[in-house]
Peer 1: 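Let me give you the structure first, and then I'll get to my questions.
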Amino acid sequence: MLDIHTILFADLLIVGSLSVAFALLWRNYRSRFAGLGLFFAIPVLHTIAMALFLLRGQIPDLFSIVCANLLVMAGYLALPAGFRRLFGRPVVPVHTVLPLLIGAACLVLFTYAHPSLRLRIVCLESINTYIFFRAWIFLARQLNNDDRSSAQPAAVILFLFMAVAPARVLFSLIEPANHNFITMQSLGGMVIVVNMALGVLLLFTIVMTINALLSRQIAKTIGSLRESEERYRSVVDNAPAAILIVDNAYRITFCNQQFFTMTGHNIDAVYHHDFLQIIAPRFRELLDLRYRQRQRGERVPSRYEAAVLCRDGTERDCEIFAAVYRDPAGVPRTLIQAMDITERKKNETELNAYRQDLERLVRERTDQLLVAEKHATLGVLAAGIAHEIHNPNNYIMLNIDLLKKGFDALVPELPEPDRLARKSIGSIPLSAFVSEAPAIMDDIRGGASRIERIVTDLKNYAHPDSHDQWEPVDLNEVVATALKITGGALKKHTRRINRRLHPKPVRVQGSCRKLEQAVTNLIHNAALALTDRCQGITVTTGRDSEGFGFIEVADEGRGIPRQDLSRVTDPFFTTRRKNGGTGLGLWVVEQIVQEHHGDLRVRSTAGKWTTVRIRLQTMEDAPCQTT
């Protein structure tokens, strides 16, 4: 026969020890796992109940029977609530309070009103079976696979509890009991021992369940940390800037992949080496000063530019950002970010060069526009002058005819020559005046006619398209007229003017006046290109191998540099700006040539010669049109 007191005392010691273990478990992990307080209550209540059982006969039955059994039942009721809280499920209070009230009523009824050990055992074990079933069904059926595997040992013990409870009821009904309700014979005592052992094992399985959940959380945390580390490493390594960490002794303790890509260094060449050694020498003093100031906590600029030395000895311009932080041990570290701005600085340099070129071009174009505005103003002025001169000149032209007719009518009425000889007009004898007057009036008429031509030219200058008539034009005559116009000016620049005209007329369809203007511009440019009067100008007309008529003006002057040949027909481009050049001469020539459906060809050798040829379609091929 088993000594039930010995079993109860052993159970008291074991469950009391487990209470201490659960107290430590609750203290350390209560913030991580909900429901640990309920599990902690199970061994505590069980320990108190065992102590009350042992005092049976020394204390009233209210405590040794009713309260002791209620404490054991309350501990078991904490099982389903604790498991639901542990796995994050809501607790229904009625499932906890109602069984406790029923158990208390049964204990009072079968202890005082109708004392019966067997009925107490039947009621209590029925309620316990209901409690174990609720806890088991939750662990075995209502959890997901991962949680179910963690709680499987506890579910097995609960299932065994449900099997032992009916056995204890059965043995309580068939085995006799003495006056001490807790002392039972053979098999009943063994069931009590098994029940107590299962209670201890249940507490151990609860610890195992918590340990499994803790292991899962740790594994999940480790996975999250690894994922975070990989994400951090990926972000840092793929950052557009080189990232370094430097300790308070200038040693590099970390570099990201971008740093190695930018500089070409390897890990062994930089790790735990002096940070200043990878900085261009001219920046080391500045970085050293700011590094020390930053370590002392002084306020210094966090951004500045410096050059980083690459493995091949080249330099990369970088914008550096530095910040001080403290590692977990409290040691100051410097975080350095270096953004490669070499290409940006190169682009900035090129942009500045382009900006300067643009400013220069704007200034040149502004000057050219001012010149063009002066020309436009000159055109308006020419039109005004032509108008103002035209009217009084008409008076001269009209009155000179009337004056001549009147003079011719007065000559027969004059005195005899002898008498005229004795009189004078000023210092001129009257007879001489009478004989020279017709010539004087012819000179006045000629001067007025010349003024008329000048006025017409001024009007044509102001309105160049108003009198242009397309007609057959002989290029030989165009050259002859242009040489007459420029003859006086050419004598100041050269002693040799060569004229090589085609023996037959070279006729084209066009404007004689405009073609004369074009050739005049070419001859004028050729004269200005001469550096010595011994140098000559040659003007040639003819037909080329393709049947085009041409006028060619060649000079032996300073020539045109190769880089300027493509720009000589650009408006306002000139190499004689200081000498009054406007850059419009060849541009005007090109416009005239294009209007005549021809082309302009310029060839030159700097310092030796220049040849400009106008090619035009001859009469057989020239389009007939008027404007």
Side-chain angles (χ1 to χ4, degrees), residues 349-375 479 482-483 486 489-500 515 517-542 544-546 548 550-596 598-616:
T349 301
E350 294 178 353
L351 185 61
N352 287 333
Y354 291 148
R355 181 179 57 80
Q356 293 174 0
D357 290 342
L358 182 60
E359 289 177 352
R360 177 183 55 78
L361 185 61
V362 168
R363 288 194 298 269
E364 291 179 358
R365 290 295 184 262
T366 302
D367 294 340
Q368 294 166 359
L369 289 174
L370 290 175
V371 172
E373 185 178 358
K374 291 178 181 178
H375 282 207
V479 170
L483 288 174
T486 59
L490 287 177
K491 294 178 180 179
K492 298 178 181 179
H493 296 278
T494 180
R495 297 191 186 97
R496 292 190 296 112
I497 303 174
N498 302 317
R499 181 185 309 184
R500 298 176 181 175
L515 291 176
Q517 179 184 356
V519 177
T520 299
N521 284 354
L522 294 181
I523 295 174
H524 178 70
N525 285 347
L528 294 177
L530 301 178
T531 59
D532 191 301
R533 292 192 67 204
C534 295
Q535 296 173 344
I537 297 175
T538 302
V539 183
T540 307
T541 63
D544 60 16
S545 58
E546 298 178 9
F548 282 85
F550 68 85
I551 300 174
E552 184 178 86
V553 179
D555 67 75
E556 300 171 354
R558 61 175 62 88
I560 303 172
R562 180 185 298 272
Q563 65 271 18
D564 293 338
L565 271 176
S566 61
R567 303 177 58 195
V568 292
T569 58
D570 291 348
F572 305 111
F573 174 78
T574 180
T575 58
R576 296 184 290 103
R577 180 77 64 197
K578 295 181 180 180
N579 297 325
T582 64
L584 294 172
L586 280 178
W587 178 75
V588 170
V589 172
E590 185 180 48
Q591 300 306 307
I592 294 174
V593 172
Q594 290 179 356
E595 186 179 353
H596 286 74
D599 64 81
L600 183 70
R601 298 182 179 182
V602 181
R603 296 181 296 119
S604 181
T605 298
K608 294 184 178 180
W609 54 269
T610 299
T611 298
V612 182
R613 173 174 288 196
I614 296 175
R615 298 174 72 245
L616 302 170

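Please read these numbers as outputs of a predicted model, since none were measured by experiment. By convention here, the first residue in the shown sequence is residue 1.
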Peer 1: What closest approach, in Å, do Asp599 and Val593 show between heavy atoms, and which atom pair accounts for it?
Peer 2: N-CG1, 3.3 Å
Peer 1: For Gly559 and Ser604, work out which heavy atoms get closest and say how close.
Peer 2: CA-OG, 3.4 Å
Peer 1: Nearest 0.5 Å please: distance from the CD atom of Gln535 over to the NE2 atom of His493.
Peer 2: 12.0 Å
Peer 1: Return the CZ to CG distance between Arg363 and Leu358, rounded to the nearest 0.5 Å.
Peer 2: 10.0 Å
Peer 1: Please enumerate all residues that pass salt bridge (charged side-chain N to carboxylate O under 4.0 Å, His left out) together with Glu350, with sequence neighbours excluded.
Peer 2: none
Peer 1: Apply side-chain hydrogen bond (donor to acceptor under 3.5 Å, both in side chains) to Glu556 and list each qualifying residue two or more places apart in sequence or on a separate chain.
Peer 2: Arg496
Peer 1: Indicate the atoms forming the closest heavy-atom contact of Ala527 with Leu490, along with that distance.
Peer 2: CB-CD2, 3.7 Å
Peer 1: If you measure from OG1 on Thr538 to CZ on Arg500, what distance do you get to the nearest 0.5 Å?
Peer 2: 5.0 Å
Peer 1: To the nearest 0.5 Å, what is the distance between CD on Gln594 and CG on Leu600?
Peer 2: 8.5 Å
Peer 1: What closest approach, in Å, do Ile523 and Ala482 show between heavy atoms, and which atom pair accounts for it?
Peer 2: CD1-CB, 4.1 Å
Peer 1: Taking all atoms of both residues into account, what is the closest heavy-atom pair of Ala518 and Ile614, and its distance?
Peer 2: CB-CD1, 4.3 Å
Peer 1: Answer whether the closest heavy-atom distance between the side chains of Thr610 and Val553 falls below 4.5 Å.
Peer 2: no
Peer 1: Looking at residues at least two apart in the chain, or sitting in another chain, which of them share a salt bridge (charged side-chain N to carboxylate O under 4.0 Å, His left out) with Asp544?
Peer 2: Arg615
Peer 1: Just to verify, what does Arg533 make a salt bridge (charged side-chain N to carboxylate O under 4.0 Å, His left out) with, not counting sequence neighbours?
Peer 2: none
Peer 1: Output all residues satisfying salt bridge (charged side-chain N to carboxylate O under 4.0 Å, His left out) with Arg495, sequence neighbours left out; order by chain, then residue number.
Peer 2: none
Peer 1: Once rounded to the nearest 0.5 Å, what's the spacing between atom OH of Tyr354 and atom OG1 of Thr349?
Peer 2: 11.5 Å
Peer 1: Would you give the length of the straight line joining atom CG of Leu522 to atom CZ of Arg613, rounded to the nearest 0.5 angstrom?
Peer 2: 12.5 Å
Peer 1: Do Leu616 and Leu515 pass the side-chain contact (heavy atoms from CB on, under 4.5 Å) test, and can you show the C-alpha distance, the side-chain angles, and the key distance before you say yes or no?
Peer 2: CA-CA 11 Å; Leu616 302 170; Leu515 291 176; 3.9 Å; yes
Peer 1: Under the rule for side chain to side chain contact (heavy atoms under 4.5 Å, CB included), what residues qualify as partners of Arg562, not counting sequence neighbours?
Peer 2: none
Peer 1: Looking only at heavy atoms, which two atoms of Leu528 and Arg558 are closest? And how far apart?
Peer 2: O-NH1, 3.0 Å
Peer 1: Is the backbone N or O of Ile551 less than 3.5 Å from a side-chain atom of Thr541, with the two atoms forming a donor-acceptor pair by type?
Peer 2: no
